[in-house]
Asks: 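Submitted below is the structure of interest, expressed as structure tokens.
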Amino acid sequence: MVDAGNKGLLADSAMIAHGRGEAFDYLLGEVTIESASRAIREAAARLKNAKSPVISVNGNTVVLAGEQLIRVAAVLGCPIEVNLYYRTPERVSGLLAMLREQRERVSHEGGPSDFEGEWGSAVMSVPLIGEDPDFRIAGLEGPRSFCTEEGIGLADLVLVPLEDGDRCGALVNSGKDVIVIDLNPLSRSSLGATVTIVDEVSRSSEVLLGEILRCRRGPAEWDNIVGLRDALSVISDSVGRI
Ligand code: ATP
Ligand code: MG
């Protein structure tokens, strides 16, 4: 994160958001809690079932979990879109360059044992988009509304880690299923998403990959508040650990 910040790839507020996440992770015991595992399984089912899913990433997500999410995108055959709240052309192209390097590295790994197909070409076919926005998220003003039509614009489901609450709300209002990964169970994104995974982005993306490969079911009825309440109770139970 520090290196990426020094290279100008992150917004000034990125470290503040990161610290906020670390504080919640500490209180959650730095593990994937049971309710987050359930949310990850539901996210896997919805991602597999979606017609045109997209993974929307910001700077923190690319730095912390870019490689994990490229593996997820390779298995799903979906694009990854760089979509920034504080959009500048330099940061978008810098993050896309970083994703291209990550994609190259991941393509040379042996794929997951239960993946059917040719891993290298599945990985290299993951579209990395967001450079030329030609669409706007309805209900948002200015550069924070920009996105691409082929990605977020036409998607029926968006997996969007570490999203801002206004944008999460706008995506939900435009009729999309929105899966958020956010360590803060009280953020507006967590409260507004269709499915919230209260977990660290790189840890949960790794679990998500395994669940997508194993998943043999469709989406279920989902009451998102139940998981958020459980995360809060884990946090309050952390008092009992001392
Ligand atoms: P909101 O706008 O949804 O109310 P916010 O304004 O507090 O939230 P943002 O900066 O918009 O926060 O979004 C960043 C979110 O990402 C925060 O809720 C933070 O807790 C969370 N976060 C930070 N680092 C991580 C991480 N590594 N893994 C998961 N979540 C993280
Ligand atoms: Mg916010």
Side-chain angles (χ1 to χ4, degrees), residues 1 3-4 7 9-10 32 37 39-84 91-133 147-163 176-181 195 197 199-216:
M1 286 287 289
D3 286 350
K7 285 182 194 147
L9 291 173
L10 304 177
T32 301
S37 301
I40 292 171
R41 285 195 289 278
E42 183 60 25
R46 288 179 187 234
L47 281 160
K48 278 192 80 169
N49 193 62
K51 280 199 200 64
S52 34
V54 64
I55 302 177
S56 171
V57 294
N58 65 5
N60 293 39
T61 301
V62 173
V63 171
L64 297 170
E67 293 193 0
Q68 289 87 333
L69 290 171
I70 285 167
R71 292 183 198 107
V72 168
V75 171
L76 291 170
C78 79
I80 296 184
E81 176 162 349
V82 172
N83 191 254
L84 306 181
R91 271 210 296 276
V92 174
S93 60
L95 289 167
L96 282 167
M98 187 178 238
L99 279 166
R100 282 194 291 273
E101 282 169 26
Q102 293 172 336
R103 184 176 62 180
E104 182 72 35
R105 269 200 303 281
V106 171
S107 76
H108 296 299
E109 300 171 339
S113 54
D114 28 9
F115 177 75
E116 288 165 17
E118 212 281 297
W119 181 246
S121 61
V123 171
M124 288 312 287
S125 339
V126 171
L128 302 174
I129 60 178
E131 192 125 46
D132 304 305
C147 67
T148 71
E149 184 173 24
E150 66 164 316
I152 292 172
L154 291 179
D156 56 342
L157 183 150
V158 188
L159 169 64
V160 58
L162 283 60
E163 181 55 295
K176 300 179 195 301
D177 246 16
V178 179
I179 299 172
V180 154
I181 303 173
V195 177
I197 299 167
D199 196 9
E200 202 282 324
V201 63
S202 60
R203 199 167 56 223
S204 52
S205 303
E206 210 150 318
V207 181
L208 179 63
L209 176 67
E211 290 297 345
I212 290 169
L213 288 161
R214 265 192 298 279
C215 178
R216 300 282 177 271

Asks: Run the side-chain hydrogen bond (donor to acceptor under 3.5 Å, both in side chains) test against Glu104 and tell me which residues pass, sequence neighbours left out.
Replies: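 Scan of Glu104 (side-chain hydrogen bond (donor to acceptor under 3.5 Å, both in side chains), adjacent residues dropped) gives His108.
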Asks: I need the full list of side-chain hydrogen bond (donor to acceptor under 3.5 Å, both in side chains) pairs touching residues 148-158, with sequence neighbours left out, sorted by first then second residue.
Replies: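 Qualifying pairs: Glu81-Thr148.
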Asks: Just to verify, what does Gln102 make a side-chain hydrogen bond (donor to acceptor under 3.5 Å, both in side chains) with, not counting sequence neighbours?
Replies: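 Per chain and number, Gln102 pairs via side-chain hydrogen bond (donor to acceptor under 3.5 Å, both in side chains) with no residue.
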Asks: Going by salt bridge (Lys or Arg N to Asp or Glu O under 4.0 Å), name the residues that satisfy it together with Arg105, two or more places apart in sequence or in a different chain.
Replies: Glu67
Asks: Does anything in residues 92-102 form a salt bridge (charged side-chain N to carboxylate O under 4.0 Å, His left out)? List the pairs, not counting sequence neighbours.
Replies: none
Asks: Under the rule for side-chain hydrogen bond (donor to acceptor under 3.5 Å, both in side chains), what residues qualify as partners of Ser204, not counting sequence neighbours?
Replies: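 Result, side-chain hydrogen bond (donor to acceptor under 3.5 Å, both in side chains) vs Ser204: none returned.
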Asks: List for me each residue that meets salt bridge (Lys or Arg N to Asp or Glu O under 4.0 Å) alongside Arg216, sequence neighbours excluded, and say none if there are none.
Replies: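 Counting only residues at least two positions away or on another chain, Arg216 forms no salt bridge (Lys or Arg N to Asp or Glu O under 4.0 Å).
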Asks: Only pairs under 3.5 Å count here: list side-chain donor-acceptor contacts from residues 125-132, not counting sequence neighbours, and write none if there are none.
Replies:
from, atom 1, to, atom 2, distance (Å)
Ser125, OG, Ser121, O, 2.4

Asks: Just jot down the side chain to side chain contact (heavy atoms under 4.5 Å, CB included) partners of Glu206, sequence neighbours excluded, or say none.
Replies: Gln68
Asks: If I take atom CG from residue Asp199 and atom OG from residue Ser37, how far apart are they, to the nearest 0.5 angstrom?
Replies: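 Reported value, rounded in 0.5 Å steps: 7.5 Å.
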Asks: On a heavy-atom basis, which atom in Cys215 and which in Ala45 lie closest, and how many Å separate them?
Replies: SG-CA, 3.7 Å
Asks: Which pair of non-hydrogen atoms, one from Val54 and one from Ala155, has the smallest distance, and what is that distance?
Replies: CG1-CB, 3.5 Å
Asks: Which value, rounded to the nearest 0.5 Å, describes the distance between Glu163 atom CD and Ile179 atom CD1?
Replies: 13.5 Å
Asks: Using every non-hydrogen atom in the two residues, find where Ser205 and Ala65 come nearest and quote the distance to one decimal.
Replies: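 That closest heavy-atom pairing would be OG-CB, 4.1 Å.
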Asks: Roughly how far, to the nearest 0.5 Å, is CD1 of Ile40 from CD1 of Ile197?
Replies: 5.0 Å
Asks: With sequence neighbours excluded, what pairs up with Arg46 under the side-chain hydrogen bond (donor to acceptor under 3.5 Å, both in side chains) test?
Replies: Glu42, Asp177
Asks: Mind running side chain to side chain contact (heavy atoms under 4.5 Å, CB included) on Asn83 and Val160 for me, showing each step along the way?
Replies: CA-CA 9 Å; Asn83 191 254; Val160 58; over 6 Å; no
Asks: Closer than 3.5 angstrom, by distance alone: can the side chain of Trp119 be matched with the main-chain N or O of Val106 as a donor-acceptor pair?
Replies: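 Pair found, side chain donor or acceptor close to backbone of Val106.
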Asks: For residues 47-60, which residue pairs pass the side-chain hydrogen bond (donor to acceptor under 3.5 Å, both in side chains) check, not counting sequence neighbours?
Replies: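 side-chain hydrogen bond (donor to acceptor under 3.5 Å, both in side chains) check on residues 47-60 returns Asn58-Thr61.
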Asks: Output the distance between atom OG (Ser93) and atom CG (Leu9), rounded to the nearest 0.5 Å.
Replies: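 Going from the OG atom of Ser93 to the CG atom of Leu9 covers 9.0 Å.
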Asks: Mind checking the CG-CZ spacing from Leu10 to Arg91? Nearest 0.5 Å is all I need.
Replies: 7.5 Å
Asks: What pair of heavy atoms forms the shortest contact from Leu99 to Gly66, and how long is it?
Replies: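 Shortest heavy-atom contact: CD2-CA, 4.4 Å.
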Asks: Which atoms form the tightest heavy-atom contact between Ile80 and Leu69, and what is the distance?
Replies: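 Closest approach of Ile80 to Leu69, heavy atoms only: CD1-O, 3.8 Å.
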Asks: Please enumerate all residues that pass salt bridge (Lys or Arg N to Asp or Glu O under 4.0 Å) together with Arg103, with sequence neighbours excluded.
Replies: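 Not a single residue meets the salt bridge (Lys or Arg N to Asp or Glu O under 4.0 Å) criterion with Arg103.
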Asks: Shortest non-hydrogen contact from Gly153 to Lys176?
Replies: O-NZ, 3.0 Å
Asks: Can you tell which of Ile55, Leu157, Val75 makes a side chain to side chain contact (heavy atoms under 4.5 Å, CB included) with Leu47?
Replies: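 The side chain to side chain contact (heavy atoms under 4.5 Å, CB included) with Leu47 is passed solely by Leu157 among Ile55, Leu157, Val75.
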